[in-house]
Amino acid sequence: MDVLSTPREIAFCAHTILSDKPTIIPDASDDVRFRDNPFVTGKDHIRFYAGAPLVSMDGVKLGAFCILDRLARFDFSSADIERLVCFAEIVSQLLEKGRSARTGRIVTSFSETTGTALVTCDHAGTITWWNAAACKLFGYPEAEAIGRQLELIIPDRFQQAHAAGLARLSNGAPPALNGKRVEIIARRSDGREFPAELAISIWQGPAGIEFGAHIHDITDRRDKEQRLRHLASHDALTGLLNRGEFRALLYQCFDDQEAAAVIALDLDGFKRVNDAFGHEAGDTLLQMIAVRMIAAIEGGAILARVGGDEFCLLLPRCTDLVQIGASAQQLLDAFAEAFVIGDHSVTIGASIGIALAPLHATEADELLVCADLALFKSKKQGGRSYCMFSAVMAREQAARRAFRDELRRAFEQGQWRLFYQPQVCLRDGALIGVEALLRWQHPTRGLLYPAAFMPLLESHIVAYEVGCWVLDEACRQLAAWRNQGLMIARVGVNLFAAQFRAGTLETMVSAALMAHALRPEDIELEITETIALGHDDDALGPLKNLYDAGVGIALDDFGTGFASLSTLQHFPLTRLKIDRAFVQNIMTDPQSAIIAKNVAAIGRGLGLSVIAEGIETVEQERALLAVGCDEGQGFRYGQAVDGTTMERWMVAVPAMSTAR
C-alpha cells in the first residue's frame, strides 16, 4: 500500500486499538462495519484484516500490529491468533525500547513489567530472548540465560524428549505444538520444580526455525484445582469421600479383580433429631458421627457418606467373615455413647448391611444392591444390628420387582376393580353412603385385597393414574345407581399421596364430578394421617378449596398414627373415622374403648361426623353408640361387593336404600 497515514474514522486499526482482544475480519466486504470503507471499495481492495493492540508498559494503547490481504481468509486459526499476539507483544517491547532511546529516559518496557515470562530460542535451542519476568520466574539473570541451552529450565528426566522434539523440527517435521497451550514441569535455578503453562509460537527466522514462548507459573491454579478435586470427591459436611468417589474406588476393585466387602450403614431415628432440634443440630450430629466412625475403623478401610444419613465402608481385598463382622460391630459400638449437641444429649443407633465380592456379586453396582438389601433386612428386624446378604434376600427382591412390574400391567390391562361397602346410621340402620375399596383382579392369583398390594402401590409411579381411575370410576358408579333410582347419598374415595404431590387434586376432582353430572357433596375424599402430616398449609390449599365447595373430607384411621389436635384444627374435615383396631377390641380392651370414646368426643366438639370401621357384632354397635359414635361400616351391615352386587342388594333390602 502507498498509504502512510490513515484517517481514524476509516482505519481498521481504530477498532483494534479500542479493543483488548485481537480483531479478526475474514471478509471486510461482508462486514457491515467496513463494506463501504474506501479501502475496501477502492483500489486497495482490502478483504482480510487481523490486528492485535500494541500496549505500552503503563497500559497506553500505542497502535496495532496488523495483517492485511486482498483475499478473504476464513482459515485464520487460533494458532495464527496466538502468533499475532506474540508478535504484537514483541513489537510493543521494541517500541518501548526505541522510545526510551529517543527520549533519553529509562523506560521499562512491557516485556520487563509483564508478569508473563517471555523466552525465545533459535533452531538449536539456544536462548535468544529472556525478559525480567523470566529472570524472576527461573532465577537466572538475563545475561546468564541468553546464549545457554533451553535445557537450563527443563528437568533432567524430560531433556531427552525435548532434544528429540527439537531435532524433528530441525529436520522439517510439522510443529505439533504451534499455537497451543500445554502444561509442563519446569525447573528453577535452585533445582526446584514447578508446574507451568506454556504457549508456544514457531516461525521461520533468518537462520532457520525459531521459537517463542509465554510461560506462566500455575502452582496456585494447580492448588486450586486440587481443592476443587477434593470438593468433587468429598462430602462438604463431614469431609468423608462422597458417593461418586466411593463408587469409583469400588469399580477399581472390580477392574483389578480384587475381593472386596461393602458395609452399608443407615442411621436409626435421624429424622427425629432433625425434627426435634433443627437441621443445624442434625448437621452437627452427622459430623460427630463421621469422627467416631473414622476412629472406629482400622487398616485400609475406606469410609464414605453416600446420602443424607447413609454411610458406606469399603474393605478392599477382604474376604475374612470374622474380620468383616468385627468391623461392622465396631461401627455399631461407635453409637453406644450418647452424642452431646449443645445442651442436648442425643442417642441414636444404626443398621448395617454387608455384602462381599465375588461371593455375592461380580459387578460393583450389584454388590451395592446386595449391601442395601442386607441393610433393609437389618432395619426390618429392628435395627441396631448388622445383617449379611443371602440369596434369599435376592429372591425376595426379585419377587418385589416382578410384583411392581405387574402393578403397571394391571393398570394398562384394566385389572383394577372397585368394591363398595355400605355405611349406615347406627341408630336406625339407614344407608348414608358407601366407601369405594380397591381390589386387584390378578390374572393368576385371583382377587387380591389391599393388604397384598397397597404397600407397593402407594410408592409406585402408577399410583397417581390408579388414584385418578378410582375417583372417576366411583363417580361413574354413583351416577349409574342414581340413574336407576337408587339414591345413595355419597361415595367415599381413598386418595393416594401421589395425588397430593401432583398438585392437580382440585382440577382432577372437579373434572370427575363434571364428567358424571355430580355435585361436590356427592363424594367424600378419605385421607390418611400420613398424607395429612406430610403436607404443609400451602399444599393443602386445593383440599381447602374443595372443602369450601362442599366436598366431604374424612380423616381415615384417626388415632393409629401421630396426628395431633392441631392437625384436626387446621385440616379441612367433615368426618373422623375410628380405626377397626379399636372397634375389634372395644369389648375386651379398656384402652380401645377409651380411645373410641375420646375420638367420638373430639369429633362432636369440632362439629364433625364420626364413623367407625370394622363393626361385626351387635355388642360392638351398642358400645359405639354408647360412646357417642353415630355411623359405622363393617361385616354387620355388609361386606364390600362389586357395583352390580351392591345394586341387587339395595333393591332387595329397600330399607337400607333410603338415605338418612
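For this chain, numbers begin at 1 and follow the sequence in order.
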Worksheet item: Val583 and Gly614: which non-hydrogen atoms are nearest, and at how many Å?
Response: CG1-O, 3.8 Å
Worksheet entry | Sidechain-backbone polar pair: Thr238 side chain, Ala290 backbone, donor-acceptor under 3.5 Å | no
Item to complete: Determine whether the side chains of Gln329 and Asp333 contain a donor N or O and an acceptor N or O closer than 3.5 Å.
Response: yes
Worksheet item: Considering only heavy atoms from C-beta outward, does the side chain of Asp630 approach that of Leu625 to under 4.5 Å?
Response: no
Practice prompt. Walk me through it: do Leu250 and Leu314 pass the test side chain to side chain contact (heavy atoms under 4.5 Å, CB included)?
Written response: CA-CA 7 Å; Leu250 183 59; Leu314 174 62; 3.7 Å; yes
Worksheet entry | Side-chain donor-acceptor pair present, Asp589, Gln584, cut-off under 3.5 Å | no
Worksheet item: So which heavy atom on Leu368 is nearest to which on Arg247, and how close?
Response: CD1-NH1, 3.6 Å
Discussion item. Check this for me, if you would: do Lys577 and Glu613 make a salt bridge, where the nitrogen-to-carboxylate-oxygen distance has to be below 4.0 angstrom?
Written reply: yes
Worksheet item: Considering residues, nucleotides and ligands other than Glu412, do more than 12 of their heavy atoms fall under 6.0 Å from its CD?
Response: yes
Worksheet item: Under 4.5 Å between any side-chain heavy atoms of Arg604 and Leu608, yes or no?
Response: no
Worksheet item: Looking just at side-chain N and O atoms, do Glu406 and His442 make a donor-acceptor pair shorter than 3.5 Å?
Response: yes
Worksheet entry | NZ/NE/NH1/NH2 to OD/OE distance under 4.0 Å, Arg408 and Asp405 | no
Item to complete: Taking the side chain as every heavy atom from C-beta outward, state whether Leu285 and Ile341 have any atom pair closer than 4.5 Å.
Response: yes
Worksheet item: For the residue pair Phe419 and Ala640, what are the closest heavy atoms and their distance?
Response: CD2-O, 3.3 Å
Worksheet item: Under 4.0 Å between a Lys/Arg side-chain N and an Asp/Glu carboxylate O for Arg476 and Glu473?
Response: yes
Worksheet item: Knowing that exactly one of Asp266, Ile348, Leu265 qualifies, which makes a side-chain contact (heavy atoms from CB on, under 4.5 Å) with Asp309?
Response: Asp266
Worksheet item: Are the charged groups of Glu526 and Arg575 less than 4.0 angstrom apart, N to O?
Response: no
Worksheet entry | Full working for side-chain hydrogen bond (donor to acceptor under 3.5 Å, both in side chains) between Tyr637 and Glu616 | CA-CA 8 Å; Tyr637 315 107; Glu616 298 180 0; over 6 Å; no
Discussion item. Rounded at 0.5 Å granularity, tell me how far NZ in Lys544 sits from CD1 in Ile553.
Written reply: 10.5 Å
Discussion item. Do Ser351 and Asp268 pair up side chain to side chain, a donor and an acceptor below 3.5 Å, judged on atom types alone?
Written reply: yes
Worksheet item: Going by the angle between their ring planes, with limits at 30° and 60°, are Trp481 and Tyr420 parallel, tilted or perpendicular?
Response: perpendicular
Fill in: Trp416/Trp469 aromatic ring centres below 6.0 Å
no
Discussion item. Which heavy atom of Val262 sits nearest to which heavy atom of Ala371, and what is that distance?
Written reply: CG1-CB, 3.9 Å
Item to complete: Could you tell me whether the side chains of Gln620 and Arg636 share a donor-acceptor contact shorter than 3.5 Å?
Response: no
Worksheet item: Looking at Asp372, Leu240, Val306, which one forms a side-chain contact (heavy atoms from CB on, under 4.5 Å) with Cys312?
Response: Val306
Item to complete: Look only at the side chain of Gln499 and the backbone of Phe496, and say whether a donor-acceptor pair between them is shorter than 3.5 Å.
Response: yes
Fill in: Distance-only polar pair, side chains of His516 and Asp522, donor-acceptor under 3.5 Å
no
Worksheet item: Around Glu521, counting heavy atoms of other residues, nucleotides and ligands shown, do more than 12 lie under 6.0 Å from its CD?
Response: yes
Worksheet item: Just by distance, with hydrogens left out, do Gln633 and Gln423 show a side-chain donor and acceptor under 3.5 Å apart?
Response: yes
Worksheet item: Crowded around Glu337 CD? As in, over 12 foreign heavy atoms under 6.0 Å?
Response: no
Worksheet item: Are side-chain heavy atoms of Leu543 and Phe500 found at a separation under 4.5 Å?
Response: yes
Item to complete: Please determine, by modelled atom types, if Gln421 and Gln639 share a side-chain donor-acceptor pair under 3.5 angstrom.
Response: no
Worksheet item: Is it the case that Arg292 places NZ or CZ above or below the six-membered ring of Phe339, under 6.0 angstrom from the centre and within 45 degrees of the axis?
Response: yes
